[in-house]
Amino acid sequence: MPWSPLAALSWALVLRLLALLWPPGRGEACSCAPAHPQQHFCHSALVIRAKISSEKVVPASKDPADTQKLIRYEIKQIKMFKGFEKAKDIQYVYTPFDSSLCGVKLETNSHKQYLLTGQILSDGKVFIHLCNYIEPWEDLSLVQKESLNHHYHQNCGCQITTCYAVPCTISAPNECLWTDWLLERKLYGYQAQHYVCMKHVDGICSWYRGHLHLRKEYVDIIQP
């Protein structure tokens with residue numbers, strides 16, 4: 001799963017695990033399981049809004065025999081949405097140098113701002129990769145920006161399941177079906193951009209956009 005906690009792992013071990021997941025001969029591209037933005041938020045140790053000041057290639061560890069490299073991005077943190085108990089002002093984030101290990105390429109020295117989600121390792125360093133939710137801030141919808149402050153965090157008890165084909169059904173009352181791929185043939189479509197899977201007082205979760213119920217075509221998907 002793309003959100004597996006990495007906080008207790010060393011840099012070298014993180015990179016070795018990624019290398020094992022995508023070894024030579026199995027293709028050069030990074031591969032990630034799909035996850036709704038709300039899932040990314042809930043399973044990330046850190047969620048921030050930031051600008052990228054500079055980048056530098058650095059060794060992954062102090063071991064001279066370790067040839068793995070990382071890109072260290074120097075950032076200007078604008079706002080933190082999650083991670084207050086583990087970090088305060090983040091100065092650097094790290095990502096694999098090799099794109100086949102899901103390294104992230106970000107624009108430096110520009111006006112562009114990013115939403116960054118990632119993990120905090122045992123030494124306090126922030127680790128990001130392509131399987132995290134990393135988007136230009138300007139590309140986020142108003143609902144997504146507002147949900148970063150409250151709704152995503154308050155509804156992490158809900159489960160979101162990706163629907164690839166009909167029929168698809170929920171298996172638990174706290175589950176929401178994510179249908180962007182089925183309806184639009186892309187992951188981050190209208191539902192990801194404008195809806196939150198919210199839990200009611202009775203423990204049942206359903207999609208909401210503000211005070212509006214889910215559009216009818218999303219509801220119809222769960223019918224056989």
Side-chain angles (χ1 to χ4, degrees), residues 1-37 39-110 112-137 139-140 162 187-188:
M1 302 294 286
W3 50 78
S4 299
L6 300 174
L9 302 179
S10 67
W11 292 115
L13 182 55
V14 168
L15 290 173
R16 290 191 186 104
L17 286 174
L18 288 171
L20 287 172
L21 289 171
W22 300 283
R26 280 192 160 183
E28 295 299 321
C30 167
S31 179
C32 307
H36 187 276
Q39 291 173 292
H40 280 292
F41 181 96
C42 292
H43 293 285
S44 296
L46 184 83
V47 181
I48 60 174
R49 176 184 178 185
K51 292 179 65 176
I52 314 301
S53 301
S54 65
E55 67 178 270
K56 182 179 181 180
V57 178
V58 298
S61 72
K62 296 181 180 179
D63 183 357
D66 185 3
T67 60
Q68 297 281 1
K69 301 291 184 182
L70 297 172
I71 298 177
R72 185 185 72 187
Y73 288 110
E74 182 179 5
I75 70 168
K76 179 180 179 181
Q77 179 179 306
I78 298 171
K79 184 171 183 178
M80 180 177 289
F81 300 100
K82 186 179 180 182
F84 303 98
E85 71 284 357
K86 297 181 179 179
K88 297 194 182 296
D89 187 36
I90 307 299
Q91 185 177 3
Y92 299 107
V93 297
Y94 296 79
T95 192
F97 176 78
D98 192 342
S99 61
S100 67
L101 296 181
C102 298
V104 180
K105 185 62 179 176
L106 303 175
E107 291 185 21
T108 61
N109 290 318
S110 72
K112 181 175 287 188
Q113 300 176 17
Y114 289 93
L115 174 70
L116 303 176
T117 70
Q119 304 299 334
I120 303 174
L121 300 190
S122 56
D123 59 2
K125 292 185 175 67
V126 176
F127 185 80
I128 64 173
H129 51 76
L130 285 175
C131 294
N132 296 123
Y133 191 60
I134 298 172
E135 293 288 332
W137 183 257
D139 291 350
L140 300 180
T162 307
L187 286 178
Y188 300 125

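Numbers for residues simply follow the sequence, beginning at 1.
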**Item:** Parallel, tilted or perpendicular: rings of His40 and Tyr188 (30°, 60°)
**Value:** tilted
Could you tell me whether the side chain of [Y] reaches within less than 4.5 Å of the side chain of [X], counting heavy atoms only?
{"X": "Lys125", "Y": "Ile120", "answer": "no"}
{"X": "Gln119", "Y": "Lys86", "answer": "no"}
{"X": "Leu101", "Y": "Gln68", "answer": "yes"}
{"X": "Leu115", "Y": "Tyr133", "answer": "yes"}
{"X": "Ile48", "Y": "Ile75", "answer": "yes"}
{"X": "Leu106", "Y": "Leu116", "answer": "yes"}
{"X": "Glu55", "Y": "Glu74", "answer": "no"}

[X] side, atom [atom1]; [Y] side, atom [atom2] - distance, nearest 0.5 Å:
{"X": "Thr108", "Y": "Ile52", "atom1": "OG1", "atom2": "CD1", "result": "8.5 Å"}
{"X": "Ser44", "Y": "Ile134", "atom1": "OG", "atom2": "CD1", "result": "9.0 Å"}
{"X": "His43", "Y": "Cys131", "atom1": "NE2", "atom2": "SG", "result": "14.0 Å"}
{"X": "Lys76", "Y": "Gln113", "atom1": "NZ", "atom2": "CD", "result": "9.0 Å"}
{"X": "Leu70", "Y": "Phe97", "atom1": "CG", "atom2": "CZ", "result": "10.5 Å"}

Minimal non-hydrogen separation, [X] against [Y], with atom names:
{"X": "Leu46", "Y": "Gly83", "answer": "CD1-CA, 4.2 Å"}
{"X": "Thr95", "Y": "Ile128", "answer": "OG1-O, 2.9 Å"}
{"X": "Pro34", "Y": "Thr162", "answer": "CG-OG1, 4.1 Å"}
{"X": "Ser99", "Y": "Cys30", "answer": "O-CB, 3.7 Å"}

**Asked** For the side chain of Gln77 and the backbone of Ile90, is there at least one donor-acceptor N/O pair under 3.5 Å apart?
**Response**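 Yes; judged by distance alone, with no hydrogens or angles, the pair exists.
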**Item:** Side chain Asp66, main chain Asp63, donor-acceptor under 3.5 Å
**Value:** no
**Request:** Give a yes or no on whether a salt bridge exists between Arg49 and Glu135, defined as a side-chain N under 4.0 angstrom from a carboxylate O.
**Result:** no
**Prompt:** Do Tyr94 and Tyr73 have ring centroids that are under 6.0 Å from one another?
**Reply:**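 Between Tyr73 and Tyr94, the centre distance exceeds or equals 6.0 Å.
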**Prompt:** Have Ser100 and Asp98 got a donor and an acceptor in their side chains that come within less than 3.5 Å?
**Reply:**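 Checked: Ser100/Asp98 side chains pair up, N/O donor to acceptor below 3.5 Å.
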**Asked** Does the salt bridge (charged side-chain N to carboxylate O under 4.0 Å, His left out) test come out yes or no for Lys51 and Glu107, once each step is laid out?
**Response** CA-CA 9 Å; Lys51 292 179 65 176; Glu107 291 185 21; over 6 Å; no
**Message:** Could you check whether Lys82 makes a cation-pi contact with Phe41, meaning its NZ or CZ is under 6.0 Å from the centre of the six-membered ring and within 45° of the ring axis?
**Reply:** yes
**Prompt:** Shorter than 2.5 angstrom, is that how the SG atoms of Cys32 and Cys102 come out?
**Reply:** no
